[in-house]
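Here's the structure, in structure tokens; my notes come after.
FYI, the numbering just counts along the sequence from 1.
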Amino acid sequence: MDSRKVRILGVALAGVVIGLGLSRTVSARDDRLKFPIAAALSSPDAKAKLDPKIPLYFGKAPHPAGQDLGPFSTNKKTNHVGKSDQVACEWVFLSALLELQARVRSLQGSAVVAIESNYKDTPFVSETEFECGAGTFVAGVALRAQIIKIPGK
């Protein structure tokens with residue numbers, strides 16, 4: 001092998017070794033964050049989009065008795081790029097609540113009760129907070145709840 005080819009191979013090999021030495025393990029972010037339900041529900045978007053005729057009862061909060069129309073789960077995601085964790089999580093939480101209310105309408109129900117977070121199939125029950133999974137590029141909220149029909153409504 002001539003000396004020119006040996007030098008080229010040596011430079012290439014050195015570049016690979018340096019590149020491997022400088023590389024670092026990159027892990028995807030997957031934080032579980034909790035935010036206040038009240039703050040999300042008081043946003044202008046929530047006030048404009050949620051149907052006040054379909055009440056939402058979180059966790060073990062007392063609610064009127066009604067006919068159980070069954071459980072329902074939703075799992076929503078949103079683009080997280082350029083948004084704070086709280087903004088992205090509140091946005092996707094609203095999206096999940098809108099889907100719960102749509103389910104109530106489709107079943108001719110009256111309310112959503114026992115709403116709990118269920119991110120990655122791990123329940124988080126609270127009357128005051130919801131859980132959101134925040135990654136590098138995506139935020140997600142999973143909720144499960146019961147749909148009921150309140151007599152006379």
Side-chain angles (χ1 to χ4, degrees), residues 12 15-153:
V16 169
V17 170
I18 290 170
L20 290 173
L22 294 177
S23 70
R24 60 184 174 104
T25 302
V26 177
S27 61
R29 179 175 168 230
D30 186 19
D31 296 336
R32 289 185 183 209
L33 307 172
K34 294 177 178 63
F35 293 102
I37 292 168
L41 295 180
S42 67
S43 75
D45 282 328
K47 288 180 179 181
K49 294 178 181 185
L50 288 172
D51 185 345
K53 294 178 185 170
I54 301 175
L56 305 166
Y57 297 91
F58 295 89
K60 297 179 182 188
H63 59 80
Q67 176 189 0
D68 186 350
L69 300 179
F72 186 68
S73 297
T74 179
N75 186 350
K76 295 297 205 176
K77 306 282 189 233
T78 192
N79 183 332
H80 187 277
V81 177
K83 299 176 186 126
S84 70
D85 287 339
Q86 186 162 1
V87 167
C89 288
E90 286 180 356
W91 180 260
V92 74
F93 178 64
L94 174 58
S95 179
L97 293 177
L98 290 168
E99 187 172 10
L100 290 175
Q101 287 189 331
R103 181 68 172 179
V104 169
R105 282 190 286 282
S106 74
L107 296 175
Q108 298 178 339
S110 308
V112 185
V113 302
I115 302 168
E116 60 185 45
S117 296
N118 194 36
Y119 186 71
K120 292 193 175 180
D121 293 321
T122 303
F124 171 70
V125 181
S126 175
E127 292 75 44
T128 60
E129 293 181 308
F130 70 94
E131 188 173 54
C132 176
T136 305
F137 302 109
V138 176
V141 168
L143 300 176
R144 65 181 178 191
Q146 292 297 121
I147 309 299
I148 65 168
K149 171 84 175 153
I150 301 168
K153 291 198 174 193

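Taking CD1 from Ile115 and OG1 from Thr74, the interatomic distance works out to 11.0 Å, rounded to the nearest 0.5 Å. One finds the SG atom of Cys89 at 13.0 Å from the CG atom of Leu94 (value rounded to the nearest 0.5 Å). For the atom pair CG of Leu97 and CD of Glu90, the computed distance is 11.0 Å after rounding to the nearest 0.5 Å. For the atom pair Asp51 CG and Gln101 CD, the distance stands at 5.5 Å (nearest 0.5 Å). The CD atom of Glu131 sits 10.5 Å away from the CZ atom of Phe35 when rounded to the nearest 0.5 Å. Of the inter-residue distances, the one linking Arg105 atom CZ with Leu100 atom CG reads 10.5 Å to the nearest 0.5 angstrom.
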Distance-only check: which donor-acceptor pairs under 3.5 Å involve side-chain atoms of residues 42-50, not counting sequence neighbours?
from: Ser42; atom 1: OG; to: Ala38; atom 2: O; distance (Å): 3.1
from: Ser42; atom 1: OG; to: Ala39; atom 2: O; distance (Å): 3.0
from: Ser43; atom 1: OG; to: Ala40; atom 2: O; distance (Å): 3.1
from: Ser43; atom 1: OG; to: Ala46; atom 2: N; distance (Å): 3.1

Step by step, work out the side-chain contact (heavy atoms from CB on, under 4.5 Å) result for Lys76 and Leu143. CA-CA 9 Å; Lys76 295 297 205 176; Leu143 300 176; over 6 Å; no
Applying side-chain contact (heavy atoms from CB on, under 4.5 Å) to Phe58 and Leu41, what does each step give before you reach the verdict? CA-CA 12 Å; Phe58 295 89; Leu41 295 180; 4.0 Å; yes
Where do Val138 and Thr78 land on the side-chain contact (heavy atoms from CB on, under 4.5 Å) test, with the steps shown first? CA-CA 6 Å; Val138 176; Thr78 192; over 6 Å; no
Would His80 and Arg29 count as a side-chain contact (heavy atoms from CB on, under 4.5 Å) if you check the C-alpha gap in whole Å, the side-chain angles of each, and the deciding distance to 0.1 Å? CA-CA 12 Å; His80 187 277; Arg29 179 175 168 230; 3.7 Å; yes
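The two residues Val92 and Cys132 have their closest heavy-atom pair at CG1-SG, 4.4 Å. Scanning both residues, Ala134 and Asp85, for their nearest heavy atoms gives CB-OD1, 3.8 Å. Heavy atoms only, all atoms of each residue included: Pro71 and Gln146 are closest at CB-OE1, 3.2 Å. Here the closest heavy-atom approach between residue Ile150 and residue Ala65 is recorded as CG2-O, 3.9 Å. Pro151 approaches Gly66 most closely through the heavy-atom pair CD-CA, 4.1 Å. Residues Ala96 and Val141 approach most closely at CB-CG1, 4.3 Å, considering heavy atoms.
The shortest side-chain heavy-atom distance between Ile147 and Val112 falls under the 4.5 Å cut-off.
Heavy atoms of other residues, nucleotides or ligands lying less than 6.0 angstrom from NZ of Lys34 number more than 12.
A donor-acceptor pair under 3.5 Å is formed between the side chain of Asn79 and the backbone N or O of Val81.
Legend: residues meeting ring pair (Phe, Tyr, Trp, His ring centres under 6.0 Å) with Phe93, ordered by chain and number and at least two apart, are Phe130.
Note on residues 108-119: pairs passing side-chain hydrogen bond (donor to acceptor under 3.5 Å, both in side chains), not counting sequence neighbours, are Asp30-Tyr119, Glu116-Arg144.
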